[in-house]
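We name chains A, B, ... by the order of the sequence lines, and we start the count at 1 in each one. Computed from a prediction, not measured in an experiment: that's the story for all the values here. Only this structure's heavy atoms are used, side chains among them; waters, hydrogens and symmetry mates stay out.
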Number of protein chains: 2
Amino acid sequence: MGPLDGYLPYLLNRAGSRIATAFSEEVRPLGATLQIWRVLAALRERDGRRMGDLSETTSIEVSTLTRLVDGMEKKGLVARRRDAADARAVALHVTPAGRRLTQRLVPIAERYETVALAGFNAVEAEALKAALRRLYANMDALEKPQRLRG
Amino acid sequence: MGPLDGYLPYLLNRAGSRIATAFSEEVRPLGATLQIWRVLAALRERDGRRMGDLSETTSIEVSTLTRLVDGMEKKGLVARRRDAADARAVALHVTPAGRRLTQRLVPIAERYETVALAGFNAVEAEALKAALRRLYANMDALEKPQRLRG
DNA sequence: CATCATTATTTGCATTTACAAATAATGATG
DNA sequence: CATCATTATTTGTAAATGCAAATAATGATG
């Protein structure tokens, strides 16, 4: 393995960390954090998600998510409800206050995307996104082999 | 802003987290962690780096790095030395034990790169890396405007 | 050489994080 | 319907993290 800046996981982490740090700093005055934004963004896409689903989408470990949601509930941003279909599960719903905060965060998030992709044309930007999706899917190969059901 | 999976920072974090989690799990039996690997990899590229430099290259916050290095020193992987040129700075050096651990981690790291880029040809892989470097550089625009010196 | 602004690292401390174990509910199976 | 394996979430607890303040050393400046 040669220089760090030819190593993909390094480049990925470096870029991700830099966006994350800058974004965190920027939303702090609004009383938000990056993790809160991730949850709100996931619920904005689809409200009433379960904890497990939310954990998967946000890449936040479930036990961490539980406590993050505790805090968001205290702030009145979301509400836990027992899932109608399966009472083991908890469905999370945004409140009006949560929606208002989301509305303030979306433009910031959009700006980050714009800045990050400055100088990329539409084709290049889409190629990058496609590559990242592909990369994510490729990692299936390293997952603990799942027991087959049935 | 539309669906999450069209949002670049989301894709970036998702891919990065997935690699990070899998890698962490895999190196745990060796007594290593992802952060330890990051430090060792940076020192492998260039030994005797200062803490600040190391923090920048690894994306680990300096105060966190200090304590991480404390632990690595206790494990005998690295040694702190006062920087020759500037006694305010601390230069970090790998020990033989650190080198041995690095040698065991490199093949694992290489495998991660291979798996992540499965199905990419050389041109596509290089394009992705170039895009990530570019994206990282683009974030300069959001940095707190630095006071000019002189 | 004392003072002072600057830079590099460490420490204090409160919060966040993650693994593992505990709890809660489901859906068979007998 | 009691039992049991399975799935979803939470809790216990120790370690990692990050901001802010403290410490240490430098390099002018007088």
Side-chain angles (χ1 to χ4, degrees), chain A residues 13 17-18 20-29 31-39 48-75 78 80-92 144 146-150, chain B residues 13 17-18 20-29 31-39 48-75 78 80-92 144 146-150:
Chain A
N13 174 252
S17 295
R18 191 164 188 189
T21 304
F23 187 86
S24 299
E25 211 168 304
E26 182 144 354
V27 301
R28 194 156 21 139
T33 65
L34 175 56
Q35 302 295 63
I36 287 179
W37 158 245
R38 284 183 176 142
V39 170
R49 287 184 195 252
R50 297 164 163 210
M51 299 295 287
D53 177 359
L54 224 36
S55 164
E56 173 117 350
T57 357
T58 58
S59 306
I60 300 171
E61 208 270 338
V62 271
S63 73
T64 303
L65 185 64
T66 286
R67 283 177 262 236
L68 174 62
V69 167
D70 289 348
M72 291 179 72
E73 250 188 326
K74 276 198 199 108
K75 290 187 175 202
V78 294
R80 278 182 171 95
R81 278 193 233 151
R82 216 77 221 184
D83 190 275
D86 184 343
R88 285 171 301 180
V90 167
L92 204 62
K144 297 186 199 67
Q146 306 291 326
R147 177 94 49 73
L148 297 180
R149 334 250 173 130
Chain B
N13 174 251
S17 294
R18 192 164 189 190
T21 304
F23 186 86
S24 298
E25 212 169 302
E26 180 145 354
V27 301
R28 194 156 21 142
T33 65
L34 176 56
Q35 302 295 62
I36 287 181
W37 158 245
R38 283 183 177 143
V39 170
R49 284 183 197 254
R50 297 164 162 211
M51 299 296 286
D53 177 1
L54 225 36
S55 165
E56 173 117 350
T57 6
T58 59
S59 306
I60 300 171
E61 208 269 338
V62 272
S63 73
T64 302
L65 184 64
T66 286
R67 284 176 265 236
L68 175 61
V69 167
D70 288 348
M72 292 179 72
E73 251 188 324
K74 276 199 198 104
K75 289 188 175 200
V78 294
R80 277 182 171 96
R81 277 194 233 152
R82 217 76 220 185
D83 190 274
D86 185 341
R88 285 171 302 182
V90 168
L92 205 62
K144 294 187 200 63
Q146 307 290 326
R147 177 95 50 74
L148 296 179
R149 333 250 175 131

* Secondary structure string for DNA chain D (Watson-Crick or G-U under 3.5 angstrom, | for other-strand pairs) -> ||||||||||||||||||||||||||||||

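Atom CG in A:Asp83 sits about 8 Å away from atom P in D:dT9, given to the nearest Å. One can place CE of A:Met51 at 15 Å from C1' of C:dA24, the figure rounded to the nearest angstrom. Rounded to whole Å, the distance from CG on B:Leu54 to C1' on C:dT10 is 15 Å. Computed from coordinates, the A:Arg80 CZ to D:dA8 P distance equals 16 Å when rounded to whole Å. Note: CG (B:Leu92) to P (C:dA8) measures 16 Å, nearest angstrom. Here D:dA16 presents its P atom at 11 Å from CG of B:Asp70, a figure rounded to the nearest Å. Distance B:Arg38 CZ to D:dA16 P: 15 Å, rounded to the nearest Å.
Shown here for B:Leu34 and B:Ser24, the closest heavy-atom pair between the two residues is CB-OG, 3.5 Å. Closest approach of B:Gly48 to B:Ala91, counting heavy atoms only: O-CB, 3.5 Å.
When B:Leu65, B:Leu54, B:Asp53, B:Asp83 are each tested for a side chain to side chain contact (heavy atoms under 4.5 Å, CB included) with B:Leu92, only one passes: B:Leu54.
Within a 6.0 Å radius of CZ in B:Arg82, more than 12 heavy atoms belonging to other residues, nucleotides or ligands are found. Counting non-hydrogen atoms of neighbouring residues, nucleotides and ligands closer than 6.0 angstrom, the CD atom of A:Glu26 exceeds 12 such neighbours.
Atom CD1 of A:Ile36 sits about 9.5 Å away from atom CD1 of A:Ile60, to the nearest 0.5 Å.
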Pick out the pairs of N or O atoms, protein on one side and nucleotides 25-29 of chain C on the other, that lie under 3.5 Å.
residue : atom : partner : partner atom : Å
C:dT26  : OP1  : A:Ala87 : N            : 3.3
C:dT26  : O4'  : A:Arg88 : NE           : 3.4

* To do: Start with the C-alpha distance between B:Val27 and B:Thr33, add both sets of side-chain angles, then the distance that settles side chain to side chain contact (heavy atoms under 4.5 Å, CB included), and finish with yes or no.
  => CA-CA 6 Å; B:Val27 301; B:Thr33 65; 5.5 Å; no

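Residues meeting the side chain to side chain donor-acceptor pair (under 3.5 Å) test with A:Ser63, sequence neighbours left out: A:Glu61. B:Glu73 pairs by the side chain to side chain donor-acceptor pair (under 3.5 Å) definition with B:Arg80, not counting sequence neighbours. Partners of A:Gln35 under the side chain to side chain donor-acceptor pair (under 3.5 Å) rule, at least two apart in sequence or in another chain, are A:Arg38.
Heavy-atom nearest nucleotides on DNA chain D were determined for A:Val62 and for A:Thr21, and the one closer to the 5' end corresponds to A:Val62.
Remark: side-chain polar atoms of B:Ser55 are not paired, donor with acceptor, to backbone N or O of B:Met51 under 3.5 angstrom.
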* How does protein contact run along nucleotides 15-23 of chain C, one letter per nucleotide 5' to 3', with B for base contact, S for sugar-phosphate only, - for none, heavy atoms under 4.0 Å? -> --SBBB---

